[in-house]
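What follows is a short report on a single structure.
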Amino acid sequence: MTFGFAPSPAASLSASADLSATTASRMLEPAEWAAAGIPLLRNPREVVSGLHSRHRPGPATAIVAVLDPDDRLRASASFTRRTAPADGWMFRNALLAQLRRVIPHDLRRRTPVRTAVLLYCREGDTRWTEEDGAWMWGLRDACTLHGLRCGAYITLTRDGWQGGGAGRGGRRPNADSAPETFDATGAPPRIPRTGGVASEVMRRAAAR
């Protein structure tokens with residue numbers, strides 16, 4: 001036989017309220033994001049099209065990418081969000097795990113030179129949601145812990161793509177569109193190189 005005390009309804013409500021307050025503190029409002037001085041992408045549509053073509057995301061897919069100072073892609077990874085309440089701390093951990101997997105940290109540098117951006121494909125329209133706020137908080141914190149600059153947060157829906165806090169967006173690509181083969185100039189969309197051993201092997205093979 002097990003003896004114990006069942007929590008009172010009041011205690012349960014209090015714990016639930018505390019958890020909600022904590023979760024709410026781990027998200028950023030659009031105004032907070034805009035005021036943080038997040039660097040703008042020189043050509044956001046090019047970056048979005050490149051990541052969309054490379055990863056072909058579906059709903060609840062997050063793509064974290066690391067860009068060099070010239071906005072060229074050095075590494076990227078995609079993963080599907082788990083079914084759970086939106087929490088910036090959980091998103092931070094997921095993003096940090098992916099960053100550690102694909103690229104070394106820059107914590108020894110006094111000033112970050114590489115920038116991480118996040119493209120998140122989700123249901124709904126392009127208007128900001130609390131889930132977006134949690135992703136923004138998670139991206140900013142993951143960048144700090146990996147020695148990177150925090151870059152753009154971009155949502156991808158059936159309506160198109162939208163840069164959080166920047167007011168920039170477009171109808172294509174979108175969550176339903178096929179990966180683009182050519183850009184507006186008639187040239188293939190730029191899929192910049194990525195770093196690492198695999199890239200070096202490909203470079204040597206191409207040079208032969």
Side-chain angles (χ1 to χ4, degrees), residues 26-30 32-68 71-82 84 86-103 105-106 112-157 159-170 173-175 191-192 194-195:
R26 294 194 290 253
M27 67 175 59
L28 295 176
E29 298 280 347
E32 295 176 296
W33 182 261
I38 305 298
L40 299 177
L41 292 168
R42 296 188 183 118
N43 192 333
R45 187 182 184 281
E46 187 176 76
V47 173
V48 173
S49 296
L51 294 176
H52 181 260
S53 297
R54 178 181 291 270
H55 293 276
R56 303 189 180 190
T61 300
I63 304 171
V64 61
V66 179
L67 310 178
D68 69 12
D71 276 3
R72 293 177 298 184
L73 185 67
R74 302 301 303 183
S76 66
S78 62
F79 60 98
T80 303
R81 183 200 156 179
R82 294 179 179 178
D87 188 312
W89 184 80
M90 294 178 62
F91 291 168
R92 185 275 307 273
N93 290 345
L95 292 170
L96 192 58
Q98 297 298 323
L99 289 170
R100 287 170 173 167
R101 184 174 65 84
V102 299
I103 199 164
H105 67 74
D106 278 347
V113 297
R114 296 185 292 190
T115 303
V117 300
L118 176 60
L119 175 67
Y120 182 57
C121 181
R122 61 167 173 77
E123 300 287 356
D125 55 34
T126 56
R127 288 176 294 183
W128 181 89
T129 67
E130 290 187 354
E131 181 185 25
D132 295 328
W135 278 116
M136 290 173 171
W137 190 96
L139 176 62
R140 186 185 65 176
D141 218 41
C143 288
T144 299
L145 294 174
H146 206 64
L148 303 170
R149 287 199 310 170
C150 180
Y153 170 71
I154 303 165
T155 55
L156 185 72
T157 68
D159 292 340
W161 60 272
Q162 180 73 37
R168 297 195 291 178
N174 57 61
I191 307 294
T194 58

Rounded to the nearest 0.5 angstrom, the CG-CD1 distance for Leu118 and Ile154 is 8.5 Å

Run Asp71 and Asn43 through side-chain contact (heavy atoms from CB on, under 4.5 Å) and show every step you take.
CA-CA 8 Å; Asp71 276 3; Asn43 192 333; over 6 Å; no

Does atom CH2 (Trp89) have a neighbourhood of more than 12 heavy atoms from anything else shown, all under 6.0 Å?
no

Using modelled atom types and a 3.5 Å cut-off, is there a donor and acceptor pairing between side-chain atoms of Arg168 and backbone atoms of Leu41?
yes

Rounded to the nearest 0.5 Å, what separates atom OG in Ser78 from atom CD in Gln98?
7.5 Å

Trace of the side-chain contact (heavy atoms from CB on, under 4.5 Å) decision for Leu95 with Trp135:
CA-CA 9 Å; Leu95 292 170; Trp135 278 116; 4.0 Å; yes

Between atom CD1 of Ile38 and atom OH of Tyr153, what is the distance when rounded to the nearest 0.5 Å?
13.5 Å

Test log, rule side-chain contact (heavy atoms from CB on, under 4.5 Å), inputs Cys150 and Trp33
CA-CA 10 Å; Cys150 180; Trp33 182 261; 3.5 Å; yes

Side-chain (Asn93) to main-chain (Met90) donor-acceptor, under 3.5 angstrom
no

Do you know which two heavy atoms are closest between Ala175 and Leu156, and how far apart they sit?
N-CG, 4.0 Å

Least distance between heavy atoms, Asp68 atom then Arg114 atom
CA-CG, 4.5 Å

For Pro173 against Val48, the heavy-atom pair lying closest together:
CG-CG1, 3.6 Å

Do other residues, nucleotides or ligands put more than 12 heavy atoms under 6.0 Å from Glu32 CD?
yes

Check for a donor-acceptor pair, side chain of Asp141 on one end and backbone N or O of Arg92 on the other, with a separation under 3.5 Å.
no

Measure the spacing between NE2 of His55 and OG of Ser53 and express it to the nearest 0.5 Å.
10.5 Å

Over all atoms of both residues, closest heavy-atom pair of Trp128 and Leu28:
CZ2-O, 3.3 Å

Between Tyr120 and Ala60, which heavy-atom pair has the shortest distance, and what is it?
OH-CA, 3.6 Å

Using side-chain contact (heavy atoms from CB on, under 4.5 Å), reason through Arg122 and Thr129 one step at a time and then give a plain yes or no.
CA-CA 11 Å; Arg122 61 167 173 77; Thr129 67; 4.0 Å; yes

Holding to salt bridge (Lys or Arg N to Asp or Glu O under 4.0 Å), I want the full list of residues that pass it with Arg81, two or more places apart in sequence or in another chain.
Glu131

To the nearest 0.5 Å, how far apart are CG in Leu139 and CG in Asp132?
12.0 Å

Measuring from atom CG of Asp106 to atom CG of Leu99, what distance do you get when rounded to the nearest 0.5 angstrom?
10.5 Å

Taking the six-membered ring for Trp, are His146 and His105 parallel (under 30°), tilted (30 to 60°) or perpendicular (over 60°)?
perpendicular

Are Cys143 and Arg149 close enough that some pair of their side-chain heavy atoms sits under 4.5 Å apart?
no

Which residues share a side chain to side chain contact (heavy atoms under 4.5 Å, CB included) with Thr144, sequence neighbours left out:
none

Search all heavy atoms of Asp125 against all heavy atoms of Asp159 and return the closest pair with its distance.
CB-OD2, 3.2 Å

